[in-house]
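Each remark here refers to the structure printed beneath this line.
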Amino acid sequence: MGKYFGTDGFRGEANVTLTADHAYQVGRFLGWYCGECKRRGGDSEPAKVVIGKDTRRSSYMFEYALASGLVASGADAYLLHVTTTPSVSYVARTEGFDCGIMISASHNPFYDNGIKLIGRSGEKMDEDTIALIEDYLDGKLSVFGQTWETLPLAQRDHIGRTVDWSAGRNRYVGYLISLGMFSFKGKKVGLDCANGSAWMIARSVFDALGATTYVMGDEPDGFNINNGVGSTHIEALQRFVVEKGLDVGFAYDGDADRCLAVDEKGELVDGDKLIAIFAKAYKDQNKLKNNAAVVTVMTNLGFQHFAAAAGIDVVVASVGDRYVLEKMLDGGYNIGGEQSGHIIFLDEATTGDGQLSGAKLMEIMAQTGKKLSELATVMEHFPQVMINVKIAAKDREMWKNDPDITGLIAKREEELGDTGRILVRESGTEPLIRVMLEGRDFRRINTFAMEIADKIREKVGR
């Protein structure tokens with residue numbers, strides 16, 4: 001966690017904690033730094049950076065500010081316009097870009113926004129480069145053996161350009177369609193696009209794969225992204241699937257890098273169950289690399305029980321899809337993800353992709369002939385309680401040093417023993433402490449969770 005960039009980019013309220021000037025300065029640094037790295041490597045071509053954005057009103061402001069900074073530093077900015085995070089990742093790694101930028105605050109409300117940086121291989125940008133950007137924003141940049149008070153501006157024919165490159169988005173759609181191994185003809189699919197990035201992409205993919213698609217959350221107006229729709233408001237899709245008599249439904253977040261599913265009965269199938277379904281199918285097909293799935297510390301305890309019964313190893317990462325990807329790359333694994341619906345299929349992509357997750361799930365349904373409600377029985381979901389406690393940003397880690405808080409947590413952990421678990425951690429994207437408990441006895445864990453949350457509020461909360 002840096003001063004500006006969290007686990008999912010530089011995020012904050014537009015023109016309050018994240019301003020157009022911030023975006024311009026990020027563009028200035030990336031345009032200069034990428035170009036300088038190329039020059040020092042013997043490549044005289046200007047840096048190329050691809051930019052995508054979601055449907056928030058402020059995304060236009062940040063798009064133009066980033067592009068201005070890039071071209072002022074001599075880089076060429078390629079604009080995908082409204083598109084998804086996984087599409088920016090795909091284009092960055094397949095079209096020779098030096099890096100990619102996605103303008104989105106994911107599942108947050110419309111007044112927030114964010115700048116996600118993507119490396120040339122399609123993964124989230126490395127933390128060393130992020131640290132340099134933070135130093136530049138704070139006026140203390142030291143790199144290439146010297147200290148830079150200001151960065152040089154490109155002049156004359158070295159000034160960069162912007163390129164309208166919506167064709168790149170179409171290439172990504174074509175790639176997803178090309179991965180289809182089965183026709184979805186006869187299947188009725190609901191798509192909740194969250195009034196966000198997926199509204200221009202998801203229907204095209206599932207129509208091309210033969211499904212009959214029913215779409216909601218596809219009327220963005222700049223202000224209604226994630227408003228009562230999408231993966232954070234799954235109840236809207238649950239009603240939609242039942243009312244329309246659909247076989248399956250998929251809900252995306254604002255930038256469509258996560259996906260939650262709803263079965264034909266209107267029941268939620270979250271990221272943990274989806275990973276279990278995928279891992280079992282891959283193991284049955286001898287495609288599960290190194291016989292393991294990567295999950296996070298937030299993954300439901302029921303996943304561990306499923307994996308043990310299925311003979312699948314579990315690798316646990318910190319919360320955040322960047323940490324899941326790191327574990328996958330380090331261990332040579334090809335399935336991993338989070339309860340929230342970020343699921344990475346490393347054989348096809350280097351980031352979570354909501355559309356890809358949905359297509360993969362429908363392939364398993366086609367292969368097995370099973371309904372999603374049947375597939376979801378692979379894993380028992382232990383009751384889970386999550387309480388978010390608001391704190392001041394400066395107090396993010398104070399709870400760890402408070403003996404009243406840590407003593408209460410230790411006491412309740414001892415009482416739960418092997419029947420449950422407690423996880424208390426700081427949010428990587430918001431000023432929150434997350435208190436999570438799991439166990440078979442819901443009343444008990446709910447009581448413990450409220451007790452711990454109240455103690456944190458009393459000592460360090462707002």
Side-chain angles (χ1 to χ4, degrees), residues 107 182 184-196 198-199 202-203 205-207 209-219 224-254 256-278 280-281 299-300 302-303 306 337-343 352-386 438 440 442 446:
H107 59 281
F182 292 85
F184 302 151
K185 187 175 181 179
K187 293 294 184 183
K188 295 188 291 184
V189 183
L191 304 172
D192 182 349
C193 298
N195 291 319
W199 85 278
R203 183 171 212 152
V205 172
F206 287 93
D207 279 350
L209 292 172
T212 302
T213 54
Y214 297 76
V215 186
M216 60 178 290
D218 61 337
E219 298 180 352
N224 61 0
I225 188 170
N226 303 313
N227 186 10
V229 290
S231 60
T232 51
H233 298 279
I234 195 69
E235 64 278 359
L237 181 62
Q238 290 175 303
R239 291 192 299 268
F240 190 69
V241 167
V242 173
E243 289 169 3
K244 301 290 186 183
L246 308 183
D247 296 297
V248 64
F250 302 117
Y252 307 117
D253 59 342
D257 63 351
R258 70 171 74 177
C259 170
L260 297 179
V262 171
D263 70 19
E264 75 284 356
K265 299 176 182 179
E267 295 296 320
L268 168 66
V269 181
D270 69 4
D272 291 343
K273 282 199 172 184
L274 289 175
I275 298 166
I277 292 169
F278 294 133
K280 183 178 185 305
T299 296
N300 191 272
F303 190 90
F306 145 75
E338 300 184 280
Q339 186 181 77
S340 61
H342 285 120
I343 301 174
D353 188 329
Q355 288 81 195
L356 179 59
S357 296
K360 287 279 191 181
L361 183 62
M362 289 191 67
E363 281 197 0
I364 294 171
M365 293 169 65
Q367 283 174 317
T368 62
K370 292 183 178 180
K371 297 177 180 180
L372 179 53
S373 60
E374 297 175 275
L375 293 173
T377 62
V378 71
M379 175 188 143
E380 175 191 4
H381 202 287
F382 281 39
Q384 187 178 78
V385 176
M386 170 81 78
E438 285 178 335
R440 283 198 165 100
F442 174 78
N446 190 51

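Position 1 is the first residue of the sequence, and the numbers go up from there.
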query = Going through the checks in order, is the side-chain contact (heavy atoms from CB on, under 4.5 Å) test met by Glu338 and Thr299?
reply = CA-CA 7 Å; Glu338 300 184 280; Thr299 296; over 6 Å; no

By ring-ring contact (aromatic ring centres under 6.0 Å, His included) - contacts of Phe306 (at least two apart) = Phe303

query = Near Glu219 CD, under 6.0 Å, is it more than 12 heavy atoms from other residues, nucleotides or ligands?
reply = no

query = So which heavy atom on Gly337 is nearest to which on Ile275, and how close?
reply = C-CD1, 3.4 Å

remark   = Nearest heavy-atom contact between Gly358 and Cys259 is N-SG, 4.4 Å

task = Apply side-chain contact (heavy atoms from CB on, under 4.5 Å) to the pair Val378 and Lys273, showing each step before the final yes or no.
result = CA-CA 8 Å; Val378 71; Lys273 282 199 172 184; 6.0 Å; no

ask   = What is the distance from atom CD of Gln384 to atom CG of Asn446, rounded to the nearest 0.5 Å?
value = 12.0 Å

query = Can you tell me how far CD of Gln355 sits from CG of Leu191, rounded to the nearest 0.5 angstrom?
reply = 8.5 Å

For a quick test of your reading: what N or O donor-acceptor pairs under 3.5 Å do the side chains of residues 247-254 make, sequence neighbours left out?
{"unit_1": "Asp247", "atom_1": "OD2", "unit_2": "Lys188", "atom_2": "N", "d": "2.7"}
{"unit_1": "Asp253", "atom_1": "OD1", "unit_2": "Ala256", "atom_2": "N", "d": "3.0"}
{"unit_1": "Asp253", "atom_1": "OD1", "unit_2": "Asp257", "atom_2": "N", "d": "3.2"}
{"unit_1": "Asp253", "atom_1": "OD1", "unit_2": "Arg258", "atom_2": "N", "d": "3.3"}
{"unit_1": "Asp253", "atom_1": "OD2", "unit_2": "Ser106", "atom_2": "OG", "d": "2.9"}
{"unit_1": "Asp253", "atom_1": "OD2", "unit_2": "Arg258", "atom_2": "NE", "d": "3.2"}

task = Enumerate the residue pairs fulfilling salt bridge (charged side-chain N to carboxylate O under 4.0 Å, His left out) with a member in residues 360-372, sequence neighbours excluded, ordered by first and then second residue.
result = Glu348-Lys360

query = Do Asn227 and Asn195 come within less than 4.5 Å of each other through their side chains, counting heavy atoms only?
reply = no

Check: Leu246 and Val189 side chains under 4.5 Å, non-hydrogen atoms = no

remark   = When rounded to the nearest 0.5 Å, the distance separating CG of Leu274 from CE of Met379 is 10.0 Å

inquiry  = Looking at every non-hydrogen atom in both residues, tell me the closest pair between Gln339 and Leu260 and how far apart they are.
reply    = O-CD2, 3.8 Å

note = Here the gap from Phe206 atom CZ to Thr213 atom OG1, rounded to the nearest 0.5 Å, amounts to 9.5 Å

Under 3.5 Å: donor-acceptor pair, side chain of Asn300, backbone of His381 = no

note = Those residues at least two apart in sequence (or on a different chain) that pass side-chain hydrogen bond (donor to acceptor under 3.5 Å, both in side chains) with Glu380 are Arg440

key: Inter-residue atom distance Met362.CE - Leu372.CG, 0.5 Å rounding   = 10.5 Å

task = Taking ring-ring contact (aromatic ring centres under 6.0 Å, His included) as the test, write out the residues that go with Tyr214, two or more places apart.
result = none

Tabulate below the donor-acceptor pairs under 3.5 Å that side-chain atoms of residues 231-241 make, not counting sequence neighbours, or state none.
{"unit_1": "His233", "atom_1": "NE2", "unit_2": "Asn226", "atom_2": "O", "d": "3.2"}
{"unit_1": "Gln238", "atom_1": "NE2", "unit_2": "Gly266", "atom_2": "O", "d": "3.0"}

request  = For residues Asp192 and Gly217, report the shortest heavy-atom separation together with the two atoms involved.
outcome  = OD1-CA, 4.0 Å

query = If you measure only the distance, is there a donor-acceptor pair under 3.5 Å linking the side chains of Ser373 and Glu264?
reply = yes

task = To the nearest 0.5 Å, tell me how far Leu356 CG sits from Leu361 CG.
result = 11.0 Å

